[in-house]
Amino acid sequence: MRILTILAIFFITLSCKKNEEKTNLDSARIENINQIVKAIIVQDSLKILKTDKNPIELFENLRKLRIYIPTKKDIEIGAPPPPPTYATSINQIIETEIKGQRFFSAKDSLNFINQYREIDSLKINPEILRNVVSTSTKKAKLKTQIEEGYYFCEMTIPLFSKDTNKAYVELAYYCGRLCGGGKSIYLEKINGEWKIIESYSTWVS
């Protein structure tokens, strides 16, 4: 109920800021995002490096995570419906427990929503892309139309906790119309370095 109350407050403030311009990401956020991308590539053993055998192609742009945010009516009823296909409920992220404790706090929900509204796509740092096999959305779409044997990997733009010491990312694999899968990744900054704390499978096709 605490999360729903916070969301209710958000919808009230949102109605007063419909025309607010999107803000640019600050350098500290960009640096954290780059560090997280590197951490996931290494710690999740993604086979996307140019030195890997039969590497997977990584989308060069991080996409915005599709978040389902309950409407004001849903909040008043107290029972939001399940999120639509390929969307993640913000309540699900906030309420996930790792080792018996909630990874994020209810206060992080407003921070997630504000970040969600900032940008739709963000290109991965060129220095990172230099070492991986990458592709653009346009090239990938063309490849799916003319080839059957393709394998792509895509990351979402990280959502950060209010203190910026925890983050949530989703990773997706595409290998055909009926082939693919996704996972949610929870990270924490420990001693100045981002570490994957837990990951869960979210969907399989």
Side-chain angles (χ1 to χ4, degrees), residues 25 29-68 82-90 92-93 96 98 103-104 112 115-116 118-160 166-190 193-205:
L25 301 186
R29 176 92 67 83
I30 293 294
E31 179 59 28
N32 274 319
I33 289 174
N34 291 333
Q35 291 178 7
I36 285 175
V37 171
K38 291 179 182 178
I40 292 176
I41 290 173
V42 174
Q43 297 173 36
D44 203 50
S45 301
L46 297 185
K47 294 183 178 181
I48 60 174
L49 298 177
K50 292 179 179 178
T51 55
D52 289 326
K53 185 178 181 180
N54 300 320
I56 301 170
E57 294 181 79
L58 174 69
F59 279 94
E60 62 187 17
N61 279 49
L62 303 175
R63 69 165 173 82
K64 178 165 69 173
L65 175 66
R66 300 180 184 91
I67 292 182
Y68 166 66
T85 305
Y86 299 121
T88 302
S89 170
I90 191 168
Q92 178 184 334
I93 300 173
T96 294
I98 297 176
F103 190 72
F104 294 108
F112 285 170
Q115 292 173 60
Y116 174 75
E118 288 178 332
I119 55 175
D120 294 327
S121 179
L122 179 67
K123 189 167 184 177
I124 297 174
N125 188 296
E127 292 185 7
I128 298 175
L129 293 176
R130 194 174 296 131
N131 300 314
V132 306
V133 178
S134 61
T135 187
S136 65
T137 304
K138 185 177 180 179
K139 289 179 180 178
K141 184 177 182 180
L142 179 62
K143 193 169 185 177
T144 60
Q145 294 173 345
I146 62 177
E147 296 182 28
E148 292 185 2
Y150 60 84
Y151 208 152
F152 305 122
C153 177
E154 182 180 40
M155 289 189 206
T156 61
I157 301 170
L159 292 178
F160 292 93
K166 293 180 179 180
Y168 177 83
V169 175
E170 288 192 5
L171 192 64
Y173 297 96
Y174 308 103
C175 48
R177 292 184 179 179
L178 298 175
C179 177
K183 65 168 63 174
S184 57
I185 301 176
Y186 295 80
L187 304 100
E188 185 171 6
K189 199 170 190 178
I190 303 173
E193 294 186 7
W194 285 97
K195 304 288 184 182
I196 293 178
I197 303 302
E198 189 62 88
S199 63
Y200 301 100
S201 175
T202 53
W203 62 274
V204 176
S205 177

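The structure presented is a predicted model; accordingly, all values stated were derived computationally and were not measured. Atoms considered below: every heavy atom in the structure, side chains included; atoms not considered: hydrogens, waters and symmetry mates.
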Using atom types as modelled and distance alone, determine if a side-chain donor or acceptor of [X] lies under 3.5 Å from a backbone N or O of [Y].
X      : Y      : value
Gln115 : Phe160 : yes
Asn125 : Glu127 : yes
Lys166 : Phe104 : no
Lys53  : Lys47  : no

If every non-hydrogen atom of [X] is compared with every non-hydrogen atom of [Y], which pair is closest and at what distance?
X      : Y      : answer
Gly180 : Trp203 : C-CZ3, 3.7 Å
Ser184 : Thr202 : N-CG2, 3.5 Å
Lys50  : Arg130 : NZ-O, 3.0 Å
Ala167 : Phe103 : O-CE2, 4.2 Å
Thr135 : Phe152 : CG2-CD2, 4.0 Å
Gln43  : Ile196 : OE1-N, 2.8 Å

Give, for atom [atom1] of [X] and atom [atom2] of [Y], the distance between the pair rounded to the nearest 0.5 Å.
X      : Y      : atom1 : atom2 : answer
Leu159 : Tyr116 : CG    : OH    : 10.0 Å
Tyr200 : Thr96  : OH    : OG1   : 6.5 Å
Asp52  : Asn131 : CG    : CG    : 11.0 Å
Tyr173 : Leu46  : OH    : CG    : 4.5 Å
Leu122 : Met155 : CG    : CE    : 12.0 Å
Glu154 : Leu62  : CD    : CG    : 8.5 Å

Test side-chain contact (heavy atoms from CB on, under 4.5 Å) applied to Val37 and Val132, step by step: CA-CA 12 Å; Val37 171; Val132 306; over 6 Å; no
Pairing residues for Cys179 by the side-chain contact (heavy atoms from CB on, under 4.5 Å) criterion, not counting sequence neighbours: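 Cys175.
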side-chain contact (heavy atoms from CB on, under 4.5 Å) evaluation trace for Asn32 with Lys189: CA-CA 9 Å; Asn32 274 319; Lys189 199 170 190 178; 2.9 Å; yes
No-hydrogen, no-angle side-chain donor-acceptor test under 3.5 Å, Thr88 and Glu170: yes
Output field: ring centroids Tyr168/Tyr186 closer than 6.0 Å: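 Aromatic pair counts; centres sit under 6.0 Å.
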Neighbour count >12 (heavy atoms, 6.0 Å) for atom NZ, Lys138: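 Not more than 12 within 6.0 Å, no.
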Gln145 atom CD, neighbour heavy-atom count above 12 within 6.0 Å: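 More than 12 within 6.0 Å, yes.
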Test side-chain contact (heavy atoms from CB on, under 4.5 Å) applied to Ile41 and Leu49, step by step: CA-CA 9 Å; Ile41 290 173; Leu49 298 177; 4.2 Å; yes
Passing candidate, side-chain contact (heavy atoms from CB on, under 4.5 Å) with Glu60, options Ile128, Leu129, Ile124: Leu129
Derivation of the side-chain contact (heavy atoms from CB on, under 4.5 Å) call for Ile48 and Val133: CA-CA 6 Å; Ile48 60 174; Val133 178; 5.8 Å; no
Basic-acidic side-chain contact under 4.0 Å: Lys139, Glu57: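 Not counted as a salt bridge, because no side-chain N and carboxylate O are separated by less than 4.0 Å.
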